[in-house]
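Note that this is a predicted model, so its numbers are computed, not measured. Whatever order the structure lists ligands and atoms in, that order sets their numbers, starting from 1. Residue indices begin at 1 and follow the sequence shown.
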Amino acid sequence: MKVSKKVILEFPKHTWDQPVIYTLHSKHHLTFNILKAKITPKSEGLMILELSGGREDFERGIDFLKELGVRVRYLAADITRDEEKCTHCGACTAICPTQALYINRDSMEVIFDKEKCIGCELCIPACPFRAIELKF
Ligand code: SF4
Ligand code: SF4
């Protein structure tokens with residue numbers, strides 16, 4: 001059975017120069033779609049990606065990451081926006097890694113495209129009006 005999940009990977013410092021994602025693909029046969037990456041030489045790094053593959057390969061790949069000391073978090077939360085509270089200030093659009101929140105240049109309204117949302121929660125603290133909520 002095929003598994004496809006969106007995950008946040010937090011890399012410890014000692015992994016910055018290791019071919020971690022390449023190993024997930026070559027050794028564990030997982031395919032990936034990188035949604036956001038912040039890797040700085042000799043520092044901790046962060047990556048948001050969609051990982052897909054057979055269930056056993058997926059589990060082995062996640063075990064490989066954990067053994068390396070990579071922190072793995074799954075994105076499964078449901079993000080909603082309270083239209084009454086949103087003032088379309090645009091603050092959330094700068095932080096959204098997938099452009100699920102973006103400004104419509106014609107109307108200057110902030111659009112929330114739920115299909116693109118990966119539930120990373122970065123927009124929740126970014127909203128000064130507490131318009132974005134997390135539902136389980
Ligand atoms: S949770 Fe917020 S910041 Fe993250 S993808 Fe969804 S809308 Fe964008
Ligand atoms: S930061 Fe909050 S109020 Fe501003 S556009 Fe985004 S959701 Fe709306």
Side-chain angles (χ1 to χ4, degrees):
M1 196 175 108
K2 201 176 173 200
V3 177
S4 185
K5 290 188 181 181
K6 288 168 183 162
V7 294
I8 301 179
L9 305 182
E10 290 175 60
F11 296 90
K13 216 184 267 185
H14 72 268
T15 61
W16 79 271
D17 60 347
Q18 294 187 33
V20 179
I21 302 302
Y22 174 75
T23 305
L24 281 177
H25 179 64
S26 63
K27 192 169 169 199
H28 300 291
H29 318 295
L30 299 181
T31 55
F32 56 88
N33 178 23
I34 296 175
L35 304 166
K36 185 178 175 107
K38 193 176 162 204
I39 308 287
T40 313
K42 298 181 184 165
S43 296
E44 291 163 356
L46 180 117
M47 194 177 278
I48 302 174
L49 72 170
E50 186 163 14
L51 270 183
S52 308
R55 179 167 292 282
E56 285 183 10
D57 285 332
F58 192 91
E59 285 168 6
R60 273 195 284 268
I62 295 296
D63 286 346
F64 156 73
L65 291 170
K66 289 181 177 170
E67 279 160 22
L68 264 183
V70 177
R71 185 172 177 224
V72 181
R73 286 186 287 150
Y74 295 97
L75 293 171
D78 188 15
I79 297 289
T80 60
R81 182 175 66 171
D82 185 332
E83 301 303 326
E84 301 278 307
K85 289 185 185 168
C86 177
T87 63
H88 298 271
C89 70
C92 56
T93 60
I95 200 136
C96 178
T98 63
Q99 281 80 51
L101 289 157
Y102 66 95
I103 297 173
N104 178 321
R105 294 288 161 195
D106 293 331
S107 63
M108 290 311 282
E109 284 183 345
V110 172
I111 309 294
F112 176 39
D113 183 346
K114 209 171 167 60
E115 292 296 306
K116 289 191 190 164
C117 177
I118 56 168
C120 69
E121 303 175 34
L122 293 174
C123 55
I124 294 176
C127 176
F129 302 96
R130 297 180 189 272
I132 301 178
E133 294 172 348
L134 181 62
K135 294 204 171 140
F136 291 97

Please indicate whether [X] has more than 12 foreign heavy atoms, meaning atoms of other residues, nucleotides or ligands, lying under 6.0 Å from its [atom1].
X: Lys114; atom1: NZ; answer: yes
X: Lys116; atom1: NZ; answer: yes
X: Glu56; atom1: CD; answer: no
X: Glu84; atom1: CD; answer: no
X: His25; atom1: NE2; answer: no

Tell me which protein heavy atom sits closest to [atom], plus the residue, atom name and distance to 0.1 Å.
atom: atom 1 (S) of ligand 1; answer: Glu121 N, 3.3 Å
atom: atom 8 (Fe) of ligand 2; answer: Cys86 SG, 2.4 Å
atom: atom 6 (Fe) of ligand 1; answer: Cys117 SG, 2.4 Å
atom: atom 4 (Fe) of ligand 2; answer: Cys89 SG, 2.3 Å
atom: atom 2 (Fe) of ligand 1; answer: Cys123 SG, 2.3 Å

Applying the 4.5 Å side-chain criterion to the ILVMFWY set and letting contacts propagate, would [X] and [Y] be lumped into a single cluster?
X: Met47; Y: Tyr22; result: no
X: Leu68; Y: Val7; result: yes
X: Trp16; Y: Phe64; result: no

Numbered atoms of ligand 2 (with element) below 4.0 Å of [X], judged on heavy atoms:
X: Gly90; value: 4 (Fe), 5 (S)
X: Phe129; value: 3 (S)
X: Pro128; value: 1 (S)
X: Ile132; value: 7 (S)
X: Arg81; value: 7 (S)
X: Cys127; value: 1 (S), 2 (Fe), 3 (S), 7 (S)

Numbering the atoms of ligand 1 from 1, which are under 4.0 Å from a heavy atom of [X]?
X: Ile79; result: 1 (S)
X: Pro97; result: 3 (S)
X: Phe112; result: 7 (S)
X: Thr98; result: 5 (S)

Practice item. Could you confirm whether His88 has any N/O/S atom lying under 2.8 Å from atom 8 (Fe) of ligand 2? Key: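 No, His88 does not qualify, because none of its backbone or side-chain N, O or S atoms lies under 2.8 Å.
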Check your understanding: Can Lys85 be said to sit on top of Phe129's aromatic six-ring, NZ or CZ under 6.0 Å from centre and within 45° of the ring axis?
Key ->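 Not flagged: Lys85 not positioned over aromatic ring of Phe129.
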**Study point:** Qualifying residue, where the test is side-chain contact (heavy atoms from CB on, under 4.5 Å) with Val72 and the options are Leu51, Ile8, Ile62
**Key:**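 With Val72 as partner, Leu51, Ile8, Ile62 yield a single side-chain contact (heavy atoms from CB on, under 4.5 Å), made by Ile62.
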Check your understanding: Taking non-hydrogen atoms only, is Thr87 closer than 4.0 angstrom to ligand 2 via side chain, backbone, both or neither?
Key ->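 Both parts.
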Exercise for review: Report the part of Leu101 in contact with ligand 2, treating N, CA, C, O as backbone and CB onward as side chain, heavy atoms under 4.0 Å; options are side chain, backbone, both, neither.
Suggested key: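 For Leu101, there is no contact with ligand 2 at all, from either part.
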Check your understanding: Salt bridge between Asp63 and Lys66, side-chain N to carboxylate O under 4.0 Å?
Key ->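 Answer for the salt bridge query: no.
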Exercise for review: Tell me whether Cys92 has at least one N, O or S atom under 2.8 Å from atom 6 (Fe) of ligand 2.
Suggested key: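 Short answer: yes, at least one N, O or S atom is under the cut-off.
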Practice item. Check whether any side-chain heavy atom of Phe32 lies under 4.5 Å from a side-chain heavy atom of Leu24, and answer yes or no. Key: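 A side-chain contact under 4.5 Å is absent here.
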Review point. What do we get for Lys116 next to ligand 1 when only non-hydrogen atoms under 4.0 Å count, side chain, backbone, both or neither?
Key: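 It is neither; nothing of Lys116 touches ligand 1.
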